[in-house]
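Here is the structure we will look at.
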Amino acid sequence: MASSANSRLEILTRHLTSAAFASKAGSDGENLEWIKISPEVSEALKTGSPIVALESTIISHGMPYPQNFETAKELEVIVRKNGAVPATIAILDGVPCIGLTTEELEILARLGSKARKTASRDIAVVMAGRENGATTVSATMYLASVVGIPIFVTGGIGGVHRHGENTLDISSDLTELGITPVAVISAGVKSILDIPRTLEYLETQRVTVAAYQTDEFPAFFTQTSGCKAPARVESPEHCARVIDANIRLERKSGILIAVPIPREHSASGHLIESAIQQALQEAREKKISGNAETPFLLARVNELTGGASLASNIALVKNNASVGAKIAVSLTQLQKHSGKRL
Ligand SMILES: O=c1[nH]cc([C@@H]2O[C@H](COP(=O)(O)O)[C@@H](O)[C@H]2O)c(=O)[nH]1
């Protein structure tokens, strides 16, 4: 335990030193702290308590206001109820923030797509421009790993887009998973994407992929995708053992744990599927591509299903938050014995 806490302290000390350096380096003499960790998250890092990182693109671009604000708050409540500290991550006025206040969550929720969708490649630009950035899976993973948070909950990750073999439109979520040792708990990959190629690409990136209590890789709104998952995990403890092994191995790559949407919320799956097909067709006709494609498809599918997809989306993220927090608690217990942390 002492050595675990020490290793977290080492990480923090490194970052505080970097922040001080950044401050000194600021040519205009301003205090340019480059990262802000909330007091609660900072305390949890020091004491080695379980923490769950949460992303912010899901708030700004993934859902409309006010459901996005309500969901963001509820996710934090669920994480707490299950014994972990939530750390929603975003960039506010150019400062990466680990752990947001309710007021900050509301700012992001109201900004919606006016906040910049920030993938890992965009972090430096958003910081330099002192912009507000909603972090995607890739950017959230990166920032979580920088401060030593090994578990991150989201709804769905990006992937290989359909026709990606021609367009090379592959989300940087997949490459970040290849180089950043954070476990991402998601409901799999939406069928707006090419699921078989996404799984192939994850293999190429050396990402450990496991489905939770099922043999099949889930497709976000539906429990099944027709693709077999490379591995199966049975419980939060089992997930924690996989994450712990990855940390001990120092593989420096991520883990994707795919949790199927709860059965009672997957009923509208087929309705949603046909809306997805229509939205995809419209995106092609309107020539919408790149990082605008996912937000367009999500919003259009929600319109076409009369809000059913949003209700399912909220339900599955909440379920992921509960599973993710339990995994974080198990991992902390395991690491009390092994002493090895991210
Ligand atoms: O079902 C969803 N998939 C993906 C996203 C967001 O979109 C990002 C991927 O975007 P792109 O495909 O442009 O890489 C993810 O990291 C996540 O933040 C989302 O909100 N909902």
Side-chain angles (χ1 to χ4, degrees), residues 53-64 67-68 71-72 75 88-91 108-109 112-113 115-123 133-144 152-164 167-178 180 182 184-195 197-198 201-202 205 207 218-222 225 254 256 258-261 265 269 272-273 275-276 279-280 283 288-302 305 309-320:
L54 297 161
E55 67 151 304
S56 43
T57 294
I58 200 176
I59 304 173
S60 60
H61 293 67
M63 293 177 193
Q67 289 94 334
N68 56 357
T71 307
L75 290 180
T88 304
I89 295 181
I91 305 178
L108 268 180
S113 54
R116 191 200 282 235
K117 179 175 167 185
T118 308
S120 344
R121 65 153 190 203
D122 307 310
I123 299 175
T135 50
T136 66
V137 169
S138 65
T140 310
M141 279 185 80
Y142 178 74
L143 293 171
F152 159 36
V153 163
T154 185
I157 64 161
V160 178
H161 280 261
R162 295 196 191 197
H163 310 292
T167 62
L168 276 188
D169 190 349
I170 300 171
S171 174
S172 63
D173 293 353
L174 306 188
T175 39
E176 194 68 45
L177 272 160
T180 301
V182 167
V184 179
I185 321 302
S186 91
V189 177
K190 279 210 181 79
S191 64
I192 56 175
L193 301 167
D194 183 329
I195 299 179
R197 282 193 173 89
T198 298
Y201 197 76
L202 284 166
Q205 294 294 317
V207 179
F220 197 86
F221 290 122
T222 52
S225 65
L256 179 62
V259 182
I261 183 171
H265 295 288
I272 296 170
E273 266 312 308
I276 286 175
L280 279 166
I288 293 169
S289 61
N291 74 353
E293 187 170 358
T294 304
F296 169 81
L297 293 172
L298 294 181
R300 191 70 187 115
V301 170
N302 189 42
T305 60
S309 68
L310 179 60
S312 298
N313 197 344
I314 292 171
L316 69 83
V317 189
K318 287 184 182 172
N319 184 51
N320 292 347

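Nothing fancy with the numbering, it's 1 onward along the sequence. One-based numbering, in listed order, for ligands and for the atoms of each.
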For [atom], find the nearest protein heavy atom and state the residue, atom name and distance (0.1 Å precision).
{"atom": "atom 18 (O) of ligand 1", "result": "E55 OE1, 2.7 Å"}
{"atom": "atom 16 (O) of ligand 1", "result": "D173 OD2, 2.7 Å"}
{"atom": "atom 12 (O) of ligand 1", "result": "T294 OG1, 3.1 Å"}
{"atom": "atom 4 (C) of ligand 1", "result": "G156 O, 3.5 Å"}
{"atom": "atom 21 (N) of ligand 1", "result": "L298 CD1, 3.5 Å"}
{"atom": "atom 6 (C) of ligand 1", "result": "T57 CG2, 4.1 Å"}
{"atom": "atom 11 (P) of ligand 1", "result": "K117 NZ, 3.6 Å"}

- Mind checking whether I192 and F220 have side chains closer than 4.5 Å, heavy atoms only? no
Between [X] (side chain) and [Y] (backbone), is there a donor-acceptor pair under 3.5 Å?
{"X": "T305", "Y": "I272", "value": "no"}
{"X": "N302", "Y": "L310", "value": "yes"}
{"X": "T57", "Y": "T136", "value": "yes"}
{"X": "N68", "Y": "A109", "value": "yes"}
{"X": "S56", "Y": "I89", "value": "yes"}
{"X": "K117", "Y": "N291", "value": "yes"}
{"X": "T180", "Y": "L177", "value": "no"}

*asked:* Looking at ligand 1, is there an atom of it that comes within less than 4.0 Å of some heavy atom belonging to H161?
replied: yes
Quick check on E293 - does any of its heavy atoms sit under 4.0 Å from an atom of ligand 1? no
Within 4.0 Å of some non-hydrogen atom of K190, the atoms of ligand 1 are 1 (O), 2 (C), 3 (N), 21 (N)
One finds that the ligand 1 atoms under 4.0 Å from a non-hydrogen atom of F220 are 1 (O)
Going by atom types alone, do Q67 and T71 pair a side-chain donor with an acceptor below 3.5 Å?
no
*asked:* Checking T118 against T135: is there a side-chain donor and acceptor pair closer than 3.5 Å?
replied: no
Can you tell me which portion of [X] lies within the under-4.0 Å heavy-atom range of ligand 1? Options are side chain, backbone, both, or neither.
{"X": "H61", "answer": "neither"}
{"X": "T154", "answer": "neither"}
{"X": "T136", "answer": "both"}
{"X": "N291", "answer": "both"}

Exercise. Do any N/O atoms on S171 end up under 3.5 angstrom from N/O atoms on ligand 1?
Worked result: yes
